[in-house]
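A short write-up of the structure that comes next.
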There are 2 protein chains.
Amino acid sequence: MWHTKWCILHGMHTYTPPTLTVDTVVFRLVDNQLEVLLIRRGREPFAGMWALPGGYCAAGETTEQAMSRVLAGKAGIITSRLEHVEQLYTFDTVARDPRGHAVSVTYMGLGRQIEPESSAATQEPAFFSVQDLPELAYDHEAIIRYAIDRLRSKLTYTNVIWALLPTMFTLTELQTAYEAILGRPLDKRNFRKKFHALDLLAATENMRKQGASRPARLYTFAHQKLESLDKSFD
Amino acid sequence: MWHTKWCILHGMHTYTPPTLTVDTVVFRLVDNQLEVLLIRRGREPFAGMWALPGGYCAAGETTEQAMSRVLAGKAGIITSRLEHVEQLYTFDTVARDPRGHAVSVTYMGLGRQIEPESSAATQEPAFFSVQDLPELAYDHEAIIRYAIDRLRSKLTYTNVIWALLPTMFTLTELQTAYEAILGRPLDKRNFRKKFHALDLLAATENMRKQGASRPARLYTFAHQKLESLDKSFD
DNA sequence: ACAAAAGTGTTAAGAATACACCCATGT
DNA sequence: ACATGGGTGTATTCTTAACACTTTTGT
């Protein structure tokens with residue numbers, strides 16, 4: 001059944017790999033909304049539609065290098081500004097060019113208050129609330145859903161929220177960030193109790209005043225890095 | 001910095017993708033040992049060393065198709081005999097040929113009492129206990145460790161053990177399977193209590209007699225498929 | 001004084017853990 | 001009768017979930 005391909009593969013010089021692409025789901029958190037970075041496609045297929053920033057991975061280039069290059073070139077985002085990047089999944093998908101099949105390695109990137117830097121090369125990069133996505137090219141909506149699932153589950157067993165929040169934040173901001181991503185309300189007292197028990201936060205001397213209400217203490221993460229929690233969160 | 005590659009990528013006919021390979025970690029459970037399928041490499045690099053069954057993914061072929069083809073051809077394992085297959089991770093790794101870089105999509109396959117069928121094409125496929133692996137080619141030891149981690153965590157929130165056990169088994173066999181994979185002893189009464197509470201098993205009329213001891217009731221999984229548990233197991 | 005968000009404890013129910021003896025069978 | 005593995009229940013601790021009022025500030 002697969003004999004033909006098998007023979008082809010024995011002659012090394014006749015080996016033709018599939019097209020390999022990299023697509024990246026970059027999230028940020030603005031106004032208690034989880035937002036995803038999209039670009040508008042300039043060419044066929046799906047010309048004019050919104051899509052995840054992605055492109056070809058070339059020989060000699062790791063998929064992470066390709067991701068950085070594409071993100072900078074097409075979307076004006078410097079990878080080193082992202083607090084966290086991880087691989088999601090590898091999809092067998094439709095090719096970027098019309099001839100058939102491609103393999104796409106997908107990544108998720110998380111940043112705080114990142115903004116795309118427009119340049120000649122970028123393709124109208126913009127952030128959209130995940131609640132309100134435009135119609136997307138390829139299978140990119142499925143990839144974004146996959147990324148949201150991954151992010152949600154990571155919230156419960158890591159301090160990954162660290163990558164999305166400013167370095168100082170109030171406990172209410174922390175809670176509303178969780179609520180925005182999980183998509184459900186959390187009990188204020190239980191939330192604070194659990195977070196204090198996890199011993200991840202350090203209180204600062206600073207307070208945030210806003211409007212006519214009691215000032216809120218500002219906190220930071222004690223260890224400015226991603227870590228797994230001993231006990232899962234929610 | 002990346003300008004050269006960026007330009008190359010704009011001319012479609014000059015695009016050369018990296019080598020794309022697929023490597024598969026096939027597990028079975030024999031004599032309360034988790035075993036992994038390896039083949040002995042016939043050619044350089046790493047000639048003579050043990051390795052995961054893997055090979056090139058060709059244009060027009062999905063990674064799953066490549067996995068099935070390679071598993072059948074090099075290791076004599078028919079993918080449809082595996083109860084469960086899932087993608088693990090995609091590694092940027094050393095190439096199978098000496099020139100540099102390759103991208104390897106890895107899969108995990110689980111089967112019950114599977115045996116490699118040797119043929120002219122197969123490369124000495126054999127199962128090894130994960131406790132006692134030979135020295136392995138490439139980064140394959142790291143891939144196996146990754147697969148074991150994935151399998152361990154899936155034990156706690158799915159009925160994935162179903163894919164490794166015979167269709168009928170005693171509760172003691174079920175428990176020792178968990179213990180073999182998790183690598184630690186479990187309390188017999190608590191184990192049975194939790195498993196009964198999960199409502200996954202159906203008692204059969206059959207009993208297993210062995211030696212001079214009370215016969216044990218045989219159970220099956222009520223739904224012969226992989227499912228996620230409402231409450232995590234351990 | 002009031003509006004607005006910050007902050008704080010207790011109780012009840014459920015889940016996880018530790019633990020030891022009797023049962024059915026073959027020899 | 002004894003050796004072998006099969007099978008069962010309870011008490012304790014810990015975790016989770018539900019729930020409402022006081023405090024601090026600005027206007």
Side-chain angles (χ1 to χ4, degrees), chain A residues 31-32 152-153 155-158 165-166 168-180 182-220 228-234, chain B residues 31-32 152-153 155-159 161 165-166 168-180 182-220 228-234:
Chain A
D31 292 338
N32 299 325
R152 280 186 181 146
S153 66
L155 279 187
T156 72
Y157 68 92
T158 71
L165 287 178
M168 286 186 149
F169 48 84
T170 68
L171 293 178
T172 301
E173 286 164 353
L174 181 63
Q175 182 180 338
T176 52
Y178 266 84
E179 290 173 332
L182 295 176
R184 62 191 163 87
L186 299 172
D187 180 89
K188 180 160 72 158
R189 280 175 288 188
N190 292 338
F191 180 88
R192 290 170 183 230
K193 202 187 326 165
K194 276 192 251 179
F195 237 97
H196 279 129
L198 290 173
D199 219 30
L200 291 169
L201 298 182
T204 70
E205 289 311 303
N206 308 5
M207 308 292 269
R208 167 157 307 154
K209 299 188 190 188
Q210 55 172 354
S213 86
R214 177 171 172 175
R217 167 145 269 124
L218 289 166
Y219 290 81
T220 59
S228 286
L229 310 185
D230 300 339
K231 34 192 59 184
S232 83
F233 177 76
D234 200 358
Chain B
D31 293 337
N32 299 324
R152 279 186 182 146
S153 66
L155 279 186
T156 72
Y157 67 92
T158 71
N159 69 345
I161 194 73
L165 287 178
M168 287 187 148
F169 47 86
T170 67
L171 293 179
T172 300
E173 287 164 352
L174 181 64
Q175 183 180 338
T176 53
Y178 266 83
E179 290 173 332
L182 295 176
R184 60 188 163 88
L186 299 171
D187 180 89
K188 180 161 70 159
R189 277 174 292 186
N190 293 338
F191 181 88
R192 288 170 184 229
K193 204 190 321 171
K194 275 191 253 180
F195 237 97
H196 279 127
L198 290 172
D199 220 30
L200 291 171
L201 299 182
T204 70
E205 290 310 303
N206 307 3
M207 308 293 267
R208 167 157 307 156
K209 299 188 190 189
Q210 58 171 352
S213 89
R214 176 173 172 175
R217 167 144 269 125
L218 289 167
Y219 290 80
T220 60
S228 287
L229 311 185
D230 301 337
K231 34 191 62 182
S232 84
F233 177 75
D234 201 356

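Each chain gets a letter, A, B and so on, in the order the sequences are listed, and its residues count up from 1. These figures come from a predicted structure and were not determined experimentally.
The CE atom of A:M168 sits 11.5 Å away from the CE atom of A:M207 when rounded to the nearest 0.5 Å. B:L171 contributes atom CG, which lies 4.5 Å from atom CZ of B:R192 (distance to the nearest 0.5 angstrom). Separation of atoms OG1 (A:T176) and NZ (A:K188) is listed at 12.0 Å; rounding is to 0.5 Å.
In this structure a side-chain-to-backbone donor-acceptor pair under 3.5 Å is present from B:Y178 to B:L155.
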key: B:L198 vs B:H196, side chain to side chain contact (heavy atoms under 4.5 Å, CB included): CA-CA, chis, key distance, verdict   = CA-CA 5 Å; B:L198 290 172; B:H196 279 127; over 6 Å; no
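Here D:dG6 presents its C1' atom at 12 Å from CD of B:Q175, a figure rounded to the nearest Å.
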Pairs under 3.5 angstrom, nitrogen or oxygen only, protein versus nucleotides 7-11 of chain D, please.
unit_1: D:dG7; atom_1: OP1; unit_2: B:R217; atom_2: N; d: 2.9
unit_1: D:dG7; atom_1: OP2; unit_2: B:R192; atom_2: NH1; d: 3.4
unit_1: D:dG7; atom_1: N7; unit_2: B:K188; atom_2: NZ; d: 2.6
unit_1: D:dG7; atom_1: O6; unit_2: B:K188; atom_2: NZ; d: 3.3
unit_1: D:dT10; atom_1: O4; unit_2: B:K193; atom_2: NZ; d: 3.0

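The minimum heavy-atom distance linking B:R217 with B:A203 is given by the pair CD-CB, 3.8 Å.
If you walk DNA chain C from 5' to 3' and mark each nucleotide with an atom closer than 4.0 Å to a heavy atom of chain B, the marks span C:dA15 to C:dG26.
Looking at B:L218 and B:T170, their side chains come closer than 4.5 Å, going by heavy atoms from C-beta outward. Contact check for A:Y219 versus A:L200: no side-chain heavy atoms found under the 4.5 Å cut-off.
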